[in-house]
**Student:** 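Structure in structure tokens, see below.
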Amino acid sequence: MGTDLMSKIPLREHVKNIKKIMRVIADIDRWYFYLTSIVHIINVVIPYIQLMLSAYILDSIVGRKGLKEVFFVTALVLAGILMLNFIASSVWNRMEVRRESIYSLYSCMTQTKMLNMDFSQIDSPKVKEIQDRMWRDNNWGAGINTVFWQFNGILYGFFNIFGALVVGAPVVGYMLQSGQFYPLLVLLVLIILAAVGMKAGVYFKKKDNAYMFTWPEDEEKEDLCSFGWDFASGRSFHYKNGKDARIYQSYDLLKRWSTDAYQNKKYRKILKSGAVGLAGSCTVKGMIYNAIEGGAYLMVVMVALAGTVSVGNVVRLAGCLKNLLSAIYGLIQDTAEFALAASKQVSTLEFLELSDEMYKGKLPVEKRSDNEYQIEFRHVFFRYPGNEQYALKDFSMKLKIGEKLAIVGMNGSGKTTMIKLLCRLYDPEEGEILLNGVDIRKFKMDEYSRLFSVVFQDYVLFPYMLAQNVAVDVDYDRKKVRKCLMDAGLGDRLREWERGEETYLNKDFDDSGIEISGGEGQKIAIARAVYKDAPFILLDEPTAALDPLAEYEIYSNFDQIVGTKTAIYISHRLSSCRFCKRIAVFHKGRLVQYGSHEELVADKEGKYYEMWNAQAAYYQTE
């Protein structure tokens, strides 16, 4: 079922959208439209200068003026036109650079917003829905560039109408004085015809646009925008997923959501409707334009036959009339397209205007040289956005200063959730988390986050230099970077790389970049955590991709790496936790056991004993 977006949005809303997007563009570069206006004025002025020059030459020939005078005036005017063209083209080239810069900065605004917004919002259904709309809207037309192009068309049309009225007004005034009312009546009919034609053209144009943003609204809905284009362009396949696509021969599955989707009957019906709209729009446009052009010639003939206006003024009137009617026609078209282009940026503006939901504290975090920080979870309840099931329920626990604590539990038991709450990526629904007795929500977010170094399961390495990945900065302490990498167990590989810590990861920015293994990536992530030198180090499955020997090497030296810092380890391998004096056992969002390995394994009714024996069975023989 087709939905006409333009007809659903009231005029007031269109105006509001246009104001918003223009304000954003002006905030990025407030001089852009002023300077482009100069270019459009020059581009409008030049044709009218040429038109008036033609009228002057014709009148000079009829009036038998001297060739020398006509040649001098013509040469002077042409020189002026050449200079104006040079100025216009020079300014326009610079304006194109500014437009591209605005486009890039506007795109970066969404990335900056994503980096600065609450992490809990990124995961919310509301934000995901807005991001889906942003993706679809910005893949229609050319994104914000469409706004630029249509607005430039409006500026040019407006100045063209103004120029036609200024240049043609003296001729019309002379006609009124001479009593030539019939040609003016024809002019009025032509203007009315242009307005009526534009209304019909916009109607068909809306039908043409419908297929761009309308999809079937039932169980057979095909979200072609989300995957079809990536499938067609090949962007969905790269070295990371290409292996699975080939080994499992997934072409038929992927084809179902691309090629087959494009052949869906309902989608083809929408395309047919759009084709009818496009054909109607082109037909009406052609008919109206031909009628207007024919009427303009009729009017000029009537003026010429009356004999009360000079030949030059007849040409002048004809040119102004044609420009006026064409400008009106184009202005209405461009205005409708401009309103549609502005409405397509509403989702992006909505995203940029999202306000943070988490309270940003004002208290500074006490800077302690002895790292005497104590954390306490007190009756914490938490659910992820959009989920009804609690990830943590009535969770309470204290983290002692300088201890090495291992956290174990089955998948979904709340281990990683506890880390996210501790780092204040989310806030608890109920209960509180205290730092030295103060609710962590009261502290300044940036200062509080400096207390933690974290290696998540889904850590990210950037395609920059190895040292920049460790320091997470452009500037870094080279000796410190090397030491952290050596401590993390990457020393042998580091010595093999010709550029050492200045080696690029992957080949996105440097063809000499290296591809690293999963285990090497985790070692780099661990080195990054150590480099930050935060009082708390949190490792969420830090050695999952390492072989047992590499894991043993890291754990054997970890007390030396961490030093006096408080370290929390999450692991599925219970054997890896034995070097920790205390172990916390999670189950179904609760802390169910707490103690040393010896204490926990001695409790044969406990969850730890069950998990320990289940894993030990893999290493035992009959």
**Student:** Under 4.5 Å between any side-chain heavy atoms of Thr348 and Ile144, yes or no?
**Tutor:** no

**Student:** Do the non-hydrogen side-chain atoms of Cys320 and Tyr48 ever get within less than 4.5 Å of each other?
**Tutor:** yes

**Student:** With distance as the sole test, does Asp118 use its side chain to make a donor-acceptor pair with the main-chain N or O of Met358 at under 3.5 Å?
**Tutor:** yes

**Student:** Distance check, rounded to the nearest 0.5 Å: Ile28 atom CD1 versus Ile102 atom CD1?
**Tutor:** 6.5 Å

**Student:** Do Asp29 side-chain atoms and Trp31 backbone N/O form a donor-acceptor pair below 3.5 Å?
**Tutor:** yes

**Student:** When rounded to the nearest 0.5 angstrom, what is the spacing between CG in Leu422 and OG1 in Thr417?
**Tutor:** 12.5 Å

**Student:** So which of Arg99, Arg94, Arg98 actually passes salt bridge (Lys or Arg N to Asp or Glu O under 4.0 Å) with Glu96?
**Tutor:** Arg99

**Student:** When rounded to the nearest 0.5 angstrom, what distance separates CD in Glu100 from CG in Asn145?
**Tutor:** 6.5 Å

**Student:** Would you call Val474 and Gln468 a side-chain contact if the rule is heavy atoms closer than 4.5 Å?
**Tutor:** yes

**Student:** At their closest point, which heavy atom of Asn469 faces which heavy atom of Phe462, and how far apart are they?
**Tutor:** OD1-N, 2.6 Å

**Student:** For residues 81-90, tabulate all N or O donor-acceptor pairs below 3.5 Å that involve a side-chain atom, not counting sequence neighbours.
**Tutor:**
residue	atom	partner	partner atom	Å
Asn85	ND2	Ile81	O	3.3
Ser89	OG	Asn85	O	3.0
Ser89	OG	Phe86	O	3.0
Ser90	OG	Phe86	O	2.8

**Student:** Using 30° and 60° as the class boundaries, would you call the ring planes of Phe382 and Tyr384 parallel, tilted or perpendicular?
**Tutor:** perpendicular

**Student:** Contact between Val147 and Ile25 at the side-chain level, heavy atoms closer than 4.5 Å - yes or no?
**Tutor:** yes

**Student:** Run the side-chain contact (heavy atoms from CB on, under 4.5 Å) test on Thr335 and Ile154 for me, step by step, so that the C-alpha distance in whole Å, both residues' side-chain angles and the decisive distance to 0.1 Å come before the verdict.
**Tutor:** CA-CA 7 Å; Thr335 301; Ile154 291 173; 4.0 Å; yes

**Student:** If you apply the rule side-chain contact (heavy atoms from CB on, under 4.5 Å), what do you find for Ile328 with Leu331, and how did you get there?
**Tutor:** CA-CA 5 Å; Ile328 293 174; Leu331 188 61; 5.7 Å; no

**Student:** Between Lys126 and Glu129, is there a side-chain N and carboxylate O pair less than 4.0 Å apart?
**Tutor:** no

**Student:** Under a 3.5 Å distance rule, please check whether Lys113 uses its side chain to pair with a backbone N or O of Leu354 as donor and acceptor.
**Tutor:** yes

**Student:** Quick one: are Trp149 and Asp334 in side-chain contact, heavy atoms under 4.5 Å?
**Tutor:** no

**Student:** Please find the pair of heavy atoms, one from Pro428 and one from Arg441, that lie closest to each other, and give the distance.
**Tutor:** O-NH1, 3.8 Å

**Student:** What is the distance from atom OG of Ser37 to atom CE of Met95, rounded to the nearest 0.5 Å?
**Tutor:** 10.5 Å

**Student:** Is it the case that the side chain of Gln150 and the backbone of Ala339 share a donor-acceptor pair, with hydrogens and angles ignored and the cut-off at 3.5 Å?
**Tutor:** no

**Student:** Under the side chain to side chain contact (heavy atoms under 4.5 Å, CB included) rule, collect the residues that match up with Asn116, sequence neighbours excluded.
**Tutor:** Thr112

**Student:** With a 4.5 Å cut-off on side-chain heavy atoms, are Ser54 and Ile57 touching?
**Tutor:** no

**Student:** Would you call Tyr390 and Glu429 a side-chain contact if the rule is heavy atoms closer than 4.5 Å?
**Tutor:** yes

**Student:** Roughly how far, to the nearest 0.5 Å, is CG of Leu363 from CD1 of Ile440?
**Tutor:** 12.5 Å

**Student:** If the plane angle is over 60° it's perpendicular, under 30° parallel, otherwise tilted; pick one for Phe509 and Tyr464.
**Tutor:** tilted

**Student:** In terms of heavy-atom contacts, does CZ of Phe158 have more than 12 from other residues, nucleotides or ligands at under 6.0 Å?
**Tutor:** no

**Student:** Mind listing the closest non-hydrogen atom pair of Ser347 and Ile130 along with its distance?
**Tutor:** O-CG2, 3.6 Å

**Student:** May I have the step-by-step check of side-chain contact (heavy atoms from CB on, under 4.5 Å) for Ile21 and Tyr106, ending in yes or no?
**Tutor:** CA-CA 10 Å; Ile21 191 62; Tyr106 179 73; 3.8 Å; yes

**Student:** Could you give me the CA-CA distance, side-chain angles and deciding distance for Phe148 and Tyr103, then say whether ring-ring contact (aromatic ring centres under 6.0 Å, His included) is met?
**Tutor:** CA-CA 10 Å; Phe148 283 106; Tyr103 174 82; 8.4 Å; no

**Student:** Gln389 vs Arg383, test: side-chain contact (heavy atoms from CB on, under 4.5 Å). Steps then yes/no.
**Tutor:** CA-CA 6 Å; Gln389 186 175 359; Arg383 289 177 295 188; over 6 Å; no

**Student:** Which heavy atom of Val44 sits nearest to which heavy atom of Pro47, and what is that distance?
**Tutor:** O-CD, 3.1 Å

**Student:** Looking at CD of Gln131 and CD of Glu350, how far apart are the two atoms once the value is rounded to the nearest 0.5 Å?
**Tutor:** 11.5 Å

**Student:** So, for Phe351 and Met134, which heavy atoms are closest and what is the spacing to 0.1 Å?
**Tutor:** CB-SD, 3.4 Å

**Student:** Report the C-alpha distance between Lys360 and Asp446 in whole Å, list the side-chain angles of each, state the deciding distance to 0.1 Å, and finish with yes or no for salt bridge (Lys or Arg N to Asp or Glu O under 4.0 Å).
**Tutor:** CA-CA 9 Å; Lys360 301 297 186 292; Asp446 58 339; over 6 Å; no

**Student:** Phe338 vs Phe151 aromatic rings, parallel, tilted or perpendicular, using cut-offs 30° and 60°?
**Tutor:** tilted

**Student:** Can you find a pair of side-chain heavy atoms, one from Phe456 and one from Leu425, that are under 4.5 Å apart?
**Tutor:** yes

**Student:** What heavy-atom pair brings Val365 and Glu447 nearest, and what distance separates the two atoms?
**Tutor:** N-OE1, 2.8 Å

